[in-house]
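Order of the sequence lines fixes the chain letters, A, B, ..., with proteins taken first and strands second; residue numbering starts at 1 for each chain.
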Number of protein chains: 2
Amino acid sequence: MDNTFKEFLQEKGYKFTKQRQVVMEVFAEREGEHMTTEEVFHYAGKKMPEIGIATVYRAVSLLESIGFLTALTFEDGTTRYERRLEDEKHKHHHLVCNVCHEITEVNVDLLDDLEEEIEKTVHFHITDHNLKFYGICDKCSRKKEGEANEV
Amino acid sequence: MDNTFKEFLQEKGYKFTKQRQVVMEVFAEREGEHMTTEEVFHYAGKKMPEIGIATVYRAVSLLESIGFLTALTFEDGTTRYERRLEDEKHKHHHLVCNVCHEITEVNVDLLDDLEEEIEKTVHFHITDHNLKFYGICDKCSRKKEGEANEV
DNA sequence: TTGACTGCAAATCATTTGCACTACG
DNA sequence: CGTAGTGCAAATGATTTGCAGTCAA
């Protein structure tokens, strides 16, 4: 598995260093998580205590630029990263719970029609889009009901 | 017109101060612009040189909380504000040009169906959504063509 | 070997906060 | 008049950068 990581970097002309490896491993071992750089640093530190946070910042932004990661920006301004899956087509969007702040994913391809419509109407060449839904997840809304009954 | 501003604040129990007035005026005079707090500060300073940036930060976030403004967060992490129009229904989305960074607006209501679908499928109660399109605006793509021809 | 990469600490940038002062209601 | 609101400067938090030392190719 490490080998894939190594190639990923070397194909693009970057060195495969221990710290980059560690950062990549953190993402591989935490599929589905959306981590801030601080969080990545925290997990990376468990595997390699000497790693510096500046290095993690540099690694994470490098990995984003070469397509290993995708950056997500939320309403509250925080930036989080997720591992970019191989199948690029598979565009997904995020549901952000306002209570527990958990981020889940949904697949909706309907946006393609929308883009086409906009391109024609407004003459704007769309290359990317960003859709996030905010609300309350199932878990939290059940919890709320429970609390209400306790009164 | 100032009177509306005054009421807007006083109805919610806030004082109508000169600095808040100035900030509101800046937005009123720049309909359609999406400004960072720094930019608001800059324009406000022309009307009232003594105003402090901390006050502008405070004013802008107050105005957002009482519905006079809407905050927008972009991919690059910047937060910008736009004046919230009276007709809340009128949900619009943003087109962000990657070249000139100009932000334009589009109206698309199709998202409602999408939300409904998601609510049913994933059991997530959606209260808000955020959709942005990134690409190249008409103006910039024409400019690019021009440059290509110059070669 | 040697330039890319790293760790560290200092710098930067956006935003927030403490505090004494001011002015709106 | 009394308190919410302000200006200023210092504090904060996230991210970046300069630099001397290190290590992958």
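- You'll find that the side chain of B:Thr17 is closest to D:dG5, out of C:dT17, D:dT15, D:dG5.
- As a whole-Å value, the separation of A:Leu62 CG from C:dT6 C1' is 13 Å.
- Listed candidates were D:dG5, D:dG7, C:dT15. Nearest to the side chain of B:Gln19 is D:dG7.
- Each of B:Glu38 and B:Lys18 was assigned the nucleotide of DNA chain C with the nearest heavy atom; the assignment lying further toward the 5' end belongs to B:Glu38.
- Here B:Phe8 and B:Phe16 keep their ring centres 6.0 angstrom or further from each other.
- Across the protein-nucleic acid pair, B:Phe5 atom CZ and C:dC24 atom C1' stand 19 Å apart, rounded to whole Å.
- Contact annotation for A:Ile53: no contact, since no heavy-atom pair falls under 4.0 Å across all strands.
- A straight line from CZ of B:Phe74 to P of C:dA14 spans 16 Å, rounded to a whole angstrom.
- Note that OG1 of A:Thr37 is 14.5 Å distant from NE2 of A:His42, once rounded to the nearest 0.5 Å.
- The CG-C1' distance, from B:Asp76 to D:dT15, rounds to 14 Å in whole Å.
- Note that the two end axes of the helix from C:dT1-D:dA25 to C:dG25-D:dC1 enclose an angle of 30°, each drawn from 5 base pairs, rounded to 10 degrees.
- Position along DNA chain C of the nearest nucleotide to A:Ala54 versus B:Gln10 favours A:Ala54 as the more 5'-ward residue.
- For C:dA4, neither phosphate oxygen OP1 nor OP2 lies less than 4.0 angstrom from any side-chain nitrogen or oxygen of A:Arg20.
- One interatomic measurement links the two molecules: CD of A:Gln21 to P of C:dT6, which rounds to 12 Å at whole-angstrom precision.
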Quiz item: Is there a ring-ring contact (aromatic ring centres under 6.0 Å, His included) between B:Phe41 and B:Tyr57 once you walk through the steps?
Solution: CA-CA 8 Å; B:Phe41 172 60; B:Tyr57 270 100; 8.7 Å; no
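- Regarding contacts with the backbone of C:dT16, every side-chain N or O of B:Arg58 stays at 4.0 angstrom or more from both OP1 and OP2.
- Straight-line distance from the CE atom of B:Met48 to the C1' atom of D:dG5: 11 Å, rounded to whole Å.
- Counting heavy atoms of neighbouring residues, nucleotides and ligands inside a 6.0 Å radius, atom OH of B:Tyr14 does not exceed 12 of them.
- In this structure, CZ on A:Arg83 lies 10.5 Å from CG on A:Leu63, to the nearest 0.5 angstrom.
- B:Glu11 has its CD atom 14 Å from the P atom of C:dG25, to the nearest Å.
- A:Tyr81 and A:Leu72 end up in different hydrophobic clusters when Ile, Leu, Val, Met, Phe, Trp and Tyr side chains are linked at under 4.5 Å.
- Rounded to a whole Å, the CZ atom of A:Arg80 is 16 Å from the C1' atom of D:dT15.
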Can you list, pair by pair, the side-chain donor-acceptor contacts under 3.5 Å of residues 128-140 of chain A, counting residues two or more places apart and other chains?
{"unit_1": "A:Asp128", "atom_1": "OD1", "unit_2": "A:Lys91", "atom_2": "NZ", "d": "2.8"}
{"unit_1": "A:His129", "atom_1": "ND1", "unit_2": "A:Glu115", "atom_2": "OE2", "d": "2.2"}
{"unit_1": "A:Asn130", "atom_1": "OD1", "unit_2": "A:Lys132", "atom_2": "NZ", "d": "3.0"}
{"unit_1": "A:Asn130", "atom_1": "ND2", "unit_2": "B:Glu75", "atom_2": "OE1", "d": "2.4"}
{"unit_1": "A:Lys132", "atom_1": "NZ", "unit_2": "A:Thr73", "atom_2": "O", "d": "2.7"}
{"unit_1": "A:Tyr134", "atom_1": "OH", "unit_2": "A:Glu75", "atom_2": "N", "d": "3.1"}
{"unit_1": "A:Asp138", "atom_1": "OD2", "unit_2": "A:Arg142", "atom_2": "NE", "d": "3.2"}
{"unit_1": "A:Asp138", "atom_1": "OD2", "unit_2": "A:Arg142", "atom_2": "NH2", "d": "3.1"}
{"unit_1": "A:Lys139", "atom_1": "NZ", "unit_2": "A:Glu102", "atom_2": "OE1", "d": "3.0"}

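- Between A:Tyr57 and D:dT15 there is a side-chain N or O to OP1 or OP2 distance below 4.0 Å.
- Between A:Thr79 and B:Ile51, the residue anchored nearer the 5' end of DNA chain D, judged by the nucleotide with its closest heavy atom, is B:Ile51.
- Judged by distance alone, the side chains of B:Glu39 and B:His34 never bring a donor and an acceptor atom under 3.5 Å apart.
- Minimum atom distance to the side chain of B:Thr37 is reached by C:dT15, of the listed D:dA4, C:dC5, C:dT15.
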